[in-house]
Amino acid sequence: MSEQSTPRNTEAAAPVHDVAVLGGGSFGTAMAKVLGENGHRVHFWMRGKAQAEEIRSTRINSRYMPGIELTGDIQPTTDLADAVSKAEIVFVAIPSKAFRAVIRENSDKFRDEQIVISLTKGIEEHGFKLMSEILQEEIPRCRTGVLSGPNLAGEIVNRDLTATVIAAKDPDVRRSVQDLLGCEYFRVYANVDVYGVELAGALKNIYAIVAGLASALEMGENAKAMLITRGLAEMSRFAVSLGANPMTFMGLAGVGDLIVTCTSSKSRNFRVGYAVGQGQKLDDAVAELGQVAEGIYTLKLVKQKAEAIGIYMPLVRGLYEILYDNASIKAVINSLMMSVQNSDVEFILPRTISQ
Ligand SMILES: NC(=O)C1=CN([C@@H]2O[C@H](COP(=O)(O)OP(=O)(O)OC[C@H]3O[C@@H](n4cnc5c(N)ncnc54)[C@H](O)[C@@H]3O)[C@@H](O)[C@H]2O)C=CC1
Ligand SMILES: O=C(CO)COP(=O)(O)O
């Protein structure tokens, strides 16, 4: 049977699997919902007892997904060891700041060869580690992968059509995740460039903040296209210098995720940028959001790293100056517009190094 005609998750074909989702925020909830609707038994771990109790009794996570009913066999729990021990595959949706601590504290709960997939789009502060690297360091006995793509949680829970990417070296890991998550509204494409897929997911958050800022300033549609495209050039330049495959940036985890987060006010990173563009202080914008906007941390780390390894990232530098050095937005824009006019696609025509 050809790939196109293979039925997915038909009632007769789909076996029930035990899976764990770690993290009771927006994205953990969205992925738990997809897995539950696909007929799997979901051990849904979160820190808060009250939150777990609420989901158990009402089937709703009111703080992160108000009004969305979690149907299927989703079992909220605060017992991480129990959730992981029962699961064939574990999905981790813990913000990057807490990711290592949660995995390290519980590293002995994971089994040899167990599949563990990061859903987190961020970078660890010390050592510039991505989440898959943290998994490899903390639980090297496990088989790991990364899921990333244009995946706004608020749309997935409404069953809006969505596609994502599973990146893993091991083909069994890729296939298992495709089988578990794929359904009539959620498609899972595969990639082997784990580093590129993961780095793309973290980097695009920076440009979503830039796009939010531009939107608040009503810069226009041409400016929006310029920012997204130059953001893509900048993030792929950086990622390729660290070993990512440039072609990954043409896929869903690259340009796909960049488009959705740079054009949608459903993106938390976009919303932070928009608020700052309207004159709000960064701290106030983040506090008002009440959810994680990974880009504000990623920005600092990427700026430092880019300077350390000599990668030209004018949008990163400009946004950093606005958010952290109180630079005037107008002055930053002017300096970006008046910098040396350079190559469009530097994989075709190398940039002239004169800025
Ligand atoms: N929401 C979205 O649309 C998407 C989010 N992601 C990524 O998923 C990751 C998680 O984000 P969201 O769920 O959206 O964030 P969120 O802000 O909605 O929720 C964060 C969750 O993490 C929990 N948490 C924080 N520190 C913890 C700790 N020490 N131990 C246990 N739990 C802890 C919080 O209690 C909360 O349940 C982020 O890296 C984000 O970039 C990826 C794709 C889409
Ligand atoms: O990663 C996301 C969509 O793919 C979600 O973006 P935000 O974290 O900005 O909401």
Side-chain angles (χ1 to χ4, degrees), residues 21-34 44-52 54-55 61-66 68 76-80 83 91-106 117-124 130-132 134 146-158 160 162-165 181 186 197-212 252-275 285-287 289-299:
V21 174
L22 310 184
S26 330
F27 203 50
T29 305
M31 288 296 100
K33 184 169 184 284
V34 173
F44 185 18
W45 176 81
M46 58 209 69
R47 299 184 285 188
K49 280 198 165 48
Q51 189 189 20
E54 180 200 44
I55 296 174
N61 182 353
S62 62
R63 161 108 160 76
Y64 290 99
M65 278 299 159
I68 299 295
T77 178
T78 53
D79 185 343
L80 187 144
F91 294 92
V92 188
I94 310 272
S96 59
K97 275 190 177 284
F99 193 99
R100 187 189 290 274
V102 172
I103 299 297
R104 178 174 285 176
E105 261 169 47
N106 297 286
I117 306 296
S118 167
L119 307 176
T120 299
K121 293 175 174 173
I123 300 171
E124 190 183 37
L130 303 187
M131 302 304 115
S132 67
I134 294 175
V146 165
L147 195 84
S148 195
N151 298 157
L152 294 167
E155 294 200 345
I156 295 170
V157 294
N158 286 328
D160 292 338
T162 301
T164 193
V165 178
L181 285 172
F186 200 72
V197 164
E198 195 169 18
L199 199 49
L203 291 173
K204 61 84 196 176
N205 288 328
I206 297 173
Y207 304 101
I209 300 174
V210 173
L252 284 161
V255 69
D257 203 2
L258 187 67
I259 289 172
V260 80
T261 32
C262 288
T263 58
S264 172
S265 58
K266 293 174 189 161
S267 153
R268 287 90 43 99
N269 288 287
F270 181 98
R271 290 214 294 270
V272 165
Y274 192 90
V286 171
L289 185 67
Q291 295 187 12
V292 70
E294 295 268 12
I296 59 170
Y297 313 115
T298 306
L299 173 66

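Just follow the structure's listing: the first ligand is 1, and inside any ligand the first atom is 1.
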Q: What part of Leu22 sits under 4.0 Å from ligand 1 if we count only heavy atoms: the side chain, the backbone, both or neither?
A: neither

Q: Under 4.0 Å from ligand 1, counting heavy atoms only, is it the side chain of Tyr297, its backbone, both or neither?
A: neither

Q: Is Arg47 touching ligand 1 with its side chain, its backbone, both, or neither, if touching means heavy atoms under 4.0 Å apart?
A: side chain

Q: For ligand 1, is any non-hydrogen atom under 4.0 Å from Lys97's backbone (N, CA, C, O), its side chain (CB onward), both, or neither?
A: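 For Lys97, no heavy atom sits under 4.0 Å from ligand 1.
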
Q: Please list the nearest protein heavy atom to atom 19 (O) of ligand 1 with its residue and the distance rounded to 0.1 Å.
A: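 Answer for atom 19 (O) of ligand 1: Gly25 CA, 3.2 Å.
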
Q: For ligand 1, indicate whether the residue Ala93 contacts it via side chain, backbone, both or neither (heavy-atom separation under 4.0 Å).
A: backbone

Q: I need the contact type for Gln291 against ligand 1. Using non-hydrogen atoms and a strict under-4.0 Å cut-off, is it side chain, backbone, both or neither?
A: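 Both backbone and side chain.
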
Q: Which pair of non-hydrogen atoms, one from Ile206 and one from Gly295, has the smallest distance, and what is that distance?
A: CG1-O, 4.2 Å

Q: Which ligand 2 atoms, with their elements, are less than 4.0 angstrom from a heavy-atom of Asp257?
A: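 It comes down to these atoms of ligand 2: 3 (C), 4 (O).
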
Q: Report the part of Phe27 (side chain from C-beta onward, or backbone N, CA, C, O) that has a heavy atom under 4.0 Å from ligand 1; answer both or neither where that applies.
A: both

Q: So which bit of Leu152 gets within less than 4.0 Å of ligand 1, heavy atoms only: side chain, backbone, both or neither?
A: backbone

Q: Using a strict cut-off of 4.0 Å, indicate which atoms of ligand 2 neighbour a heavy atom of Pro150.
A: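 Taking each heavy atom of Pro150 in turn, ligand 2 has 4 (O) under 4.0 Å.
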
Q: Heavy atoms only, cut-off 4.0 Å: how does Thr261 contact ligand 2, side chain, backbone, both, or neither?
A: side chain

Q: Identify, by atom number and element, the atoms of ligand 2 in contact range of Lys121, meaning under 4.0 Å from any of its heavy atoms.
A: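 Once the distances to Lys121 are compared, the set is 1 (O), 2 (C), 3 (C), 4 (O).
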
Q: Among Ile103, Ile117, Leu119, which residue satisfies the side-chain contact (heavy atoms from CB on, under 4.5 Å) criterion with Val92?
A: Ile103

Q: Using a 4.0 Å heavy-atom cut-off, which part of Glu294 comes near ligand 2: side chain, backbone, both, or neither?
A: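 Neither; nothing of Glu294 gets under 4.0 Å from ligand 2.
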
Q: Side chains of Glu294 and Asn269: any donor to acceptor distance under 3.5 Å?
A: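 Their side chains do not contain a donor-acceptor pair, so the 3.5 Å distance test is not met.
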
Q: Can you see which heavy atom on Thr261 is nearest to which on Ala208, and at what distance?
A: O-CB, 3.4 Å

Q: At under 4.0 Å between heavy atoms, is it the side chain or the backbone of Ala153 that contacts ligand 2, or both, or neither?
A: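 It is neither; nothing of Ala153 touches ligand 2.
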
Q: Short list, please: which atoms of ligand 2 are under 4.0 Å from a heavy atom of Gly149?
A: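 This gives 4 (O) as the contact atoms.
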
